[in-house]
Amino acid sequence: MSKIILDPTGLYQPLSDYLVITTEVEWVRYFTLKNDNYWIKGKTLCNWTEEWLRVWNKSDLIIERKQVPRQRLTTIFSPLSIPDDWDDQYILKLATQFDNYPSNHPLNSLLADITNTEEDFWLIDNLSIGHLAKWLCVQVPQDYQIFEDVWKHKISQNHNHDHLLSYYQTENKNQLLKNWLGLSSDCQITNILGQYPLDIPDFCLEEFRKFWEQKIYQTEAKILDGLILPQESGNKVISSIAYDILLDKSIWINTERFIKISPYLGSTEKSKLEQKLPLPQPLSLSINATPEDTLKWVTESYLPFRCWETTINNTPREQQISEQLADSFVNWIVKYYPELKIDNVENSCLNYSVAFQVQELAKDNPILWIVVDGLGWLDHQQLIAILTKNNQLSLETDMKPYFSILPTKTEYAKWSLYSQLLPEHSSWTPNAKDGFSMVKSGNRYTDNNKHELNQDLKENKYQIYCWDTDQLDELYHQEKDWNTLYKVERVNRLEGIARNIQHYLEEYNSSEELKIVIASDHGQMMGEVQKLSNCPAELKSKGRMGIGKTDDPRFVVLEARRFGLPHDISIVRNSDCISAFFYTKDKEIIGSHGGLFPEEVVVGFSVLSKSLKRYPVIVTCSGEGKPKQPGELIITIHNHNLASLTHLSLYINELREFKTGKILDITIKPHDKITHKIFISEYPELPPHKNETTIKLSGKLTFLFANNHSGESNIDSESFISIQQIFSSGFQGDLDDF
């Protein structure tokens, strides 16, 4: 049966399988209705055809009567008008485009099509901050801008009482967005709408970055001091920019700025920036310090300062204060090591306690024990930062320091680490494999048979898998430039070790159950050291130590009986080295060890896992004071976690000086509940017409778990301050004032 399309406008392009009739002659000759499809063009012919079919009762053959496209667009544009400069062909093109949308909302379909959004985005029932933020990011091509104007007019009719409507009616979306992002002096929109709720859009990200770079440079980073970053649009981007600048301009770093941006940085970035912080000179270690105080002094005072002198400030060796500080540690360890070695292994501060801890953990979980030869405390921290980046792994408890077994040479220290015995034992051999033979339910792998480790992990073959790697120690011994070693190659090597660990995790079927334990045998000397001249001939030299006994005052003698050794050993007291495999171009030595400096002796122990539950941190605040007068705020923090809380910053919305965050220079140990008092420069006044004498407090505490993962906890709803104010109308003070 024939199909007939009537086109009285004559504007439409006929379909290819239709017979086109444009004149009366063609109509008389060809309009036979003998199974042909007909496209009739022109108003007269269409009327003629329509009437003829009506008479013959065949009007049902008409499947479509083309409308004047201007009428189609007029309906969509209503009550706005079509631009006068649009000709019929352009209008037809647009009308045809609208006809291709099956939706009952062709305007919304068109806008969704040209902006690659969903149609529902343009069919909004209620205006919202979130929708406004998204809409400002939608870029409508210039040729179609008029259709967005039509859409804006239509929503103004549907939402004419909405307080957000005026923002949708803006003539410059980009400028409004920039105002909201704080890229102009007009901050009124931010005060009304609050923080921009989305990430900074890509098309204005570069401008946003340049704006904040300029602000930070212009103010020498002082602009960071007044920022409330959690309430700032693009706070992650701002923190990233600040990180790059402060890393380069370390003179602008202070603790407050570091703590402010650190929640938005990764573990590696936090570690790099923290090392740039100017450090106060530590006091020398007291000869009467306890082992616990000594470990704390090394890890929290000496090592950060030593690292700053040798790798950041590049202090000449003869001017390094840390050399003198290290000597106070040498005196301490020589005096107390003979006492430390008497303690039972499981309770010992010596590093062979690690093997006991590993075997205890293995009773409940399979263990992947990573022993990184030469991994000092700071290197260990760096490795943890890499492993926990992007929450790949989590640190279960605080990283724990131990004293290495003396001397800090692999053949002594690592054998003891595994065997839980001192080198004086008759079974001692300078071979780590022999020491590990005493570890139950486990197997040890080296860099030469990692393929076996992969296979055994797949087969769940053991309870303890120990990967003993020399990769880092080898790098320290071979590199000839200290700055390249520490700032580039060391990090690359640690990242490689971390990738290996991640691979082993993937090989193990039940990786959620696997505990990752990281330990080492000894650390490394920091910086370049000199070769000792005129070494005593009676010593058999090995790095910073020599087998034998000498009266040379430059040496400390570890007598075999007192220090649990197979023979007497003499160690260079200062940072000099007796011999080395490699030397720098200036004939200095890198990567030596075997001595008694804190960075050689103190090593770390850490436990990580893939899945870790964090527990609540309860924060309560209270206080009492007179309006506009100084006072105290009492903070109670209860940490229910196995990890310490560090880098604490308290935000309180109701107290002006706390709105930007107040740094709490404290550490909350695992399961500790502490009460801390903070000075307040001025208590607030009670609001007018307030009958109560208290103000409820709201806000949050931000922190890091064990210097690592960031966390935060809202202030408990029971927090408040009491104001000693007689009348909220303004009369205040004591009755004695009258």
Participant: Charged N to carboxylate O below 4.0 Å: is that the case for Arg306 and Glu323?
Facilitator: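 Counted as a salt bridge, because a side-chain N and a carboxylate O are separated by less than 4.0 Å.
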Participant: Picking from Asn431, Asn351, Asp373, what satisfies side chain to side chain donor-acceptor pair (under 3.5 Å) with Lys414?
Facilitator: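 Checked Asn431, Asn351, Asp373 against Lys414; only one passes side chain to side chain donor-acceptor pair (under 3.5 Å): Asp373.
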Participant: Looking only at the side chains, is there a donor atom on one of Asp434 and Ser437 sitting less than 3.5 Å from an acceptor on the other?
Facilitator: no
Participant: Determine whether the aromatic ring centres of His380 and Phe605 lie less than 6.0 Å apart.
Facilitator: no
Participant: Is a salt bridge present between Glu411 and Lys542, judged by a nitrogen-to-oxygen distance below 4.0 Å?
Facilitator: yes
Participant: Going by the rule salt bridge (Lys or Arg N to Asp or Glu O under 4.0 Å), which residues pair with Lys440 if we only count those two or more places apart in sequence or in a different chain?
Facilitator: none
Participant: Going through the checks in order, is the salt bridge (Lys or Arg N to Asp or Glu O under 4.0 Å) test met by Arg490 and Asp379?
Facilitator: CA-CA 8 Å; Arg490 180 186 69 99; Asp379 292 340; 2.7 Å; yes
Participant: Could you tell me whether the side chain of His522 reaches within less than 4.5 Å of the side chain of Thr410, counting heavy atoms only?
Facilitator: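 Yes; the side chains approach each other to less than 4.5 Å.
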Participant: Inspect the contact between Arg544 and Glu600 and indicate whether a charged nitrogen and a carboxylate oxygen are less than 4.0 angstrom apart.
Facilitator: yes
Participant: Using atom types as modelled, flag every donor-acceptor pair under 3.5 Å from a side chain in residues 663-670 to any protein atom, sequence neighbours excluded.
Facilitator:
none

Participant: Hey, is Lys549 close enough to Glu538 for a salt bridge, meaning N to O under 4.0 Å?
Facilitator: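 Looking at Lys549 and Glu538, the cut-off is not met.
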Participant: Taking the six-membered ring for Trp and the single ring otherwise, decide whether the centroids of Phe436 and Trp415 are under 6.0 Å apart.
Facilitator: no
Participant: In a check of salt bridge (Lys or Arg N to Asp or Glu O under 4.0 Å) between Asp468 and each of Lys450, Arg444, Lys433, which one passes?
Facilitator: Arg444
Participant: Before we go on, tell me: are the rings of Tyr462 and Trp369 under 6.0 Å apart, centre to centre?
Facilitator: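 When the ring centroids of Tyr462 and Trp369 are compared, they turn out to be at least 6.0 Å apart.
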Participant: Ignoring hydrogens and angles, tell me if any N or O in the side chain of Asn639 forms a donor-acceptor pair with the backbone of Asn641 under 3.5 Å.
Facilitator: yes
Participant: Does the pair Glu396/Lys515 count as a salt bridge with the N-to-O cut at 4.0 Å?
Facilitator: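 A salt bridge links Glu396 with Lys515.
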Participant: Phe597 ring centre to Arg573 NZ or CZ under 6.0 Å, with the angle to the axis within 45°?
Facilitator: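 No - Arg573 does not lie over the ring of Phe597 by the 6.0 Å and 45° rule.
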